[in-house]
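Here the structure comes first, spelled out in structure tokens, and everything after it is commentary.
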Amino acid sequence: PRRNAIADILACAEFLVRRRGIKALVIDPYNRIESQMGDTPETLYISSVLDSLSEFAQRLDLLVILVAHPRKMMRTPRGDFEIPTLYDISGSANFFNKADYGVIIHRDRREDTVVVSVQKVKFKHLGHPGDALFKYDIATGRYAPFTPGEPPDFDPTNHLRDGARIRAPDSPPAPFQPEREEQLPF
């Protein structure tokens, strides 16, 4: 039986790294991981999970992206929500303390924009904190950089269709699709 325990997720990911050469793992969302904390306090359990992910990423030279949602945010006097911080992620300040990078994505429904806020960069030679503003293009399903007062520059090309035509013969294989259930590592 498949489970969403962190050990099962990492076992499957390691199988895919070795078998298919994946370079990134996205776990979305964190709160869907089956808790194995028992009597362990939540902060210590989250710290342990984050340590496991970090060690796993380093050992396999893999980018691990963990999507975690904030606690319920309070409304401002204007009626909208403030941009959350990494400390607002439900469960533990360790989401800030242990992350190499901390990125918040916040939708401003009133302005119909999205702010991508880099709030933590552990290694300063690899970047710095800052914000970028985007608008969503419903026709293409993509975001474009946006400066207030200027129209967004949406790219109308179809990268999925056009990319398939120009893909190089030595491009990476398609995502792993097991033919039989027993091919999976759990």
Give every donor-acceptor pair under 3.5 Å between a side-chain atom in residues 59-74 and any protein atom, sequence neighbours left out.
from: Arg59; atom 1: NE; to: Glu55; atom 2: OE2; distance (Å): 3.2
from: Arg59; atom 1: NH1; to: Glu14; atom 2: OE2; distance (Å): 3.2
from: Arg59; atom 1: NH2; to: Glu14; atom 2: OE1; distance (Å): 3.4
from: Arg71; atom 1: NH2; to: Asp88; atom 2: OD1; distance (Å): 2.9

Short side-chain donor-acceptor distance under 3.5 Å, Ser54 and Asp51: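 Ser54 and Asp51 do not have a side-chain donor-acceptor pair below 3.5 Å.
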
Working to the nearest 0.5 Å, report the span between [atom1] of [X] and [atom2] of [Y].
{"X": "Ile6", "Y": "Ile33", "atom1": "CD1", "atom2": "CD1", "value": "4.0 Å"}
{"X": "His106", "Y": "Arg109", "atom1": "NE2", "atom2": "CZ", "value": "9.5 Å"}
{"X": "Lys98", "Y": "Ser48", "atom1": "NZ", "atom2": "OG", "value": "8.0 Å"}

Let me check something: do [X] and [Y] share a hydrophobic cluster, defined by ILVMFWY side-chain heavy atoms less than 4.5 Å apart, either directly or through other members?
{"X": "Val26", "Y": "Phe56", "result": "no"}
{"X": "Val121", "Y": "Ile83", "result": "no"}
{"X": "Leu53", "Y": "Ile22", "result": "yes"}
{"X": "Met37", "Y": "Val49", "result": "yes"}
{"X": "Phe154", "Y": "Phe134", "result": "no"}

Check: [Y] and [X] side chains under 4.5 Å, non-hydrogen atoms:
{"X": "Leu25", "Y": "Ile27", "answer": "yes"}
{"X": "Arg20", "Y": "Phe15", "answer": "no"}
{"X": "Thr76", "Y": "Phe81", "answer": "no"}
{"X": "Leu133", "Y": "Val114", "answer": "no"}
{"X": "Ile104", "Y": "Val116", "answer": "no"}

Quick one: ring pair (Phe, Tyr, Trp, His ring centres under 6.0 Å) partners of Tyr87, sequence neighbours excluded?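 Testing Tyr87 for ring pair (Phe, Tyr, Trp, His ring centres under 6.0 Å), a comparison that skips the adjacent residues, returns Phe96.
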
Residues in ring pair (Phe, Tyr, Trp, His ring centres under 6.0 Å) with Tyr143, at least two apart?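 So Tyr143 forms a ring pair (Phe, Tyr, Trp, His ring centres under 6.0 Å) with Tyr136.
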
Test side chain to side chain contact (heavy atoms under 4.5 Å, CB included) on Arg75 and Asp80 and set out the steps. CA-CA 5 Å; Arg75 291 191 182 269; Asp80 50 5; 5.7 Å; no

Gln36, CD atom: more than 12 neighbouring heavy atoms under 6.0 Å: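 Counting neighbours around CD of Gln36, more than 12 heavy atoms of other residues, nucleotides or ligands fall under 6.0 Å, so yes.
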
Count the heavy atoms belonging to other residues, nucleotides or ligands that lie under 6.0 Å from CG of Leu126, then report whether that count exceeds 12.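 Enclosed: over 12 neighbouring heavy atoms sit under 6.0 Å from CG of Leu126.
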
Taking it one step at a time, do Lys120 and Leu86 satisfy side chain to side chain contact (heavy atoms under 4.5 Å, CB included)? CA-CA 9 Å; Lys120 180 180 180 184; Leu86 294 171; 3.9 Å; yes

Out of Asp112, Thr113, Asp108, which residue meets the side-chain contact (heavy atoms from CB on, under 4.5 Å) rule with Arg110?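 Option passing the side-chain contact (heavy atoms from CB on, under 4.5 Å) with Arg110: Asp108.
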
Taking it one step at a time, do Phe95 and Tyr30 satisfy ring-ring contact (aromatic ring centres under 6.0 Å, His included)? CA-CA 11 Å; Phe95 286 109; Tyr30 168 78; 5.3 Å; yes

Heavy-atom closest pair, residues Ser47 and Asn94: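 Heavy atoms only, the tightest pair is CB-ND2, 3.4 Å.
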
